[in-house]
Protein chains: 2
Amino acid sequence: MSPTHTAGTIELVEPRSGYEGSCRAHGNDGRAIGDILARIGDKWSLLVIATLHEGRLRFGELQGHIPGISQRMLTLTVRQLERDGIVTRTVFPEVPPRVEYELTELGETLFVPARAIADWAVAHHDEIERARTAYDAR
Amino acid sequence: MSPTHTAGTIELVEPRSGYEGSCRAHGNDGRAIGDILARIGDKWSLLVIATLHEGRLRFGELQGHIPGISQRMLTLTVRQLERDGIVTRTVFPEVPPRVEYELTELGETLFVPARAIADWAVAHHDEIERARTAYDAR
DNA sequence: CAGAATCCCAGGGGATACTG
DNA sequence: CAGTATCCCCTGGGATTCTG
């Protein structure tokens with residue numbers, strides 16, 4: 001909305017003098033991070049992105065590859081991602097209608113760190129599991 | 001709970017034959033990923049982890065470094081992270097009470113990909129902003 | 001100071017039914 | 001097929017108050 005900022009580096013957390021200082025200073029940049037984090041961190045976005053990384057898919061296929069997602073949530077998720085420039089939505093003027101989704105360049109760049117998180121989760125999930133059992137038995 | 005699985009690699013998304021197959025196969029591994037993703041992807045965890053990466057902090061300080069977090073949510077977040085073995089909670093037997101939080105080794109390893117996501121958000125947030133304005137003006 | 005307990009509300013998200 | 005529209009429940013999470 002406000003193109004009035006001059007870019008500049010934004011630290012997630014300042015060395016030790018105030019996250020608030022760096023993020024809140026120019027108004028919306030601090031929120032932008034949480035904003036984007038909220039998007040990619042939501043229940044389905046990462047799964048959609050990971051699935052689409054394998055190649056373009058139509059709506060139904062996409063849903064088939066993501067067990068448990070409702071039609072409604074898939075629609076909403078994919079619309080958000082489209083709005084953010086992370087996926088493209090292509091409608092083919094046929095009947096019955098066909099719509100295909102694909103990652104954009106931006107989406108592909110996001111896949112890299114997203115994948116890193118997923119890999120971390122996979123690599124450490126039993127370690128976490130043990131930590132939980134230990135904590136619960138305490 | 002069930003130590004009956006033989007580890008093995010878990011793919012986030014199978015090359016093209018079924019996310020369901022790989023994840024749902026052994027029962028809880030598929031859910032575990034979404035589970036962990038949900039934890040780190042929630043509204044506050046990443047911020048807490050990032051803040052703690054700078055060094056150990058007591059409750060009040062932690063809250064001071066994370067603008068907008070309520071006492072309640074900080075408590076809940078930090079407890080979850082403790083349960084997952086990502087932070088340690090040290091209570092000093094003093095009066096008034098002092099409690100300090102610090103990242104564990106595991107927590108530090110999580111910080112790496114977490115940081116990558118945050119960096120991505122920072123690096124692309126104006127690109128996303130433009131995509132949104134474009135989409136909304138469409 | 002560091003929480004635990006309660007209250008309460010907005011909205012996230014599932015199930016279902018309808019449409020172009 | 002690929003959505004949209006509703007209904008409705010449940011949880012996330014803020015504000016406030018109480019305690020060791």
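Since this is a predicted model, take the numbers as computed values, not measurements. Just so it is clear: chains get the letters A, B, ... in the order the sequence lines come, proteins before strands, and each one is counted from 1.
Each of B:T51, B:L47, B:V48 was compared with B:H65 under the side chain to side chain contact (heavy atoms under 4.5 Å, CB included) criterion, and only B:T51 meets it. Among the candidates A:R89, A:H53, A:R56, the single residue satisfying the side chain to side chain donor-acceptor pair (under 3.5 Å) test with A:E102 is A:R56.
Contact between the side-chain N/O atoms of A:R89 and the OP1/OP2 oxygens of D:dG3 is found at a separation under 4.0 Å. Taking 4.0 angstrom as the limit, B:K43 places a side-chain polar atom (N or O) nearer than this to OP1 or OP2 of D:dG14. Here B:R72 does not reach the OP1 or OP2 of D:dT17: none of its side-chain N or O atoms lies under 4.0 Å away. An OP1 or OP2 oxygen of C:dC1 is reached within less than 4.0 angstrom by no side-chain nitrogen or oxygen of B:R58.
Comparing C:dA4, C:dG14, D:dT4 against the side chain of B:R79 picks out C:dA4 as the nearest. Which of D:dG3, D:dC1, C:dC1 sits closest to the side chain of B:P96 comes down to C:dC1. Out of C:dC1, C:dG14, C:dA2, the shortest distance to the side chain of A:S70 is found at C:dG14. Of all nucleotides listed (C:dG14, D:dA2, D:dG14), D:dA2 comes nearest to the side chain of A:P97.
Protein atom CE of B:M73 is 17 Å distant from nucleotide atom C1' of C:dA2, rounded to whole Å. In this structure, A:L74 atom CG and C:dA15 atom C1' are separated by 16 Å, rounded to whole Å. In this structure, CD1 of A:I69 is placed 13 Å from C1' of C:dG12, rounded to the nearest angstrom. The CD-C1' distance, from B:Q63 to C:dG3, rounds to 11 Å in whole Å. In this structure, A:E61 atom CD and D:dG3 atom C1' are separated by 16 Å, rounded to whole Å. For B:F59 and C:dA4, the CZ to C1' distance is 11 Å, given to the nearest whole Å. Atom CD in A:Q71 sits roughly 11 Å away from atom C1' in C:dC18 (whole-Å rounding). Separating the CD atom of B:Q80 from the P atom of D:dG12 is a distance of 10 Å, rounded to the nearest angstrom.
Both B:L76 and A:Y101 lie near DNA chain D, and the one whose nearest nucleotide falls closer to the 5' end is A:Y101.
Hydrophobic clustering, with ILVMFWY side chains joined whenever heavy atoms are under 4.5 angstrom apart, keeps A:F92 apart from A:L57.
Note that B:R138 lies in the cation-pi zone of B:Y135, set by a 6.0 Å cut-off to the ring centre and a 45° limit from the axis.
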(message) Is there a salt bridge (charged side-chain N to carboxylate O under 4.0 Å, His left out) between A:D126 and A:R130? Walk through the geometry before answering.
(response) CA-CA 6 Å; A:D126 40 352; A:R130 277 174 309 189; 5.2 Å; no

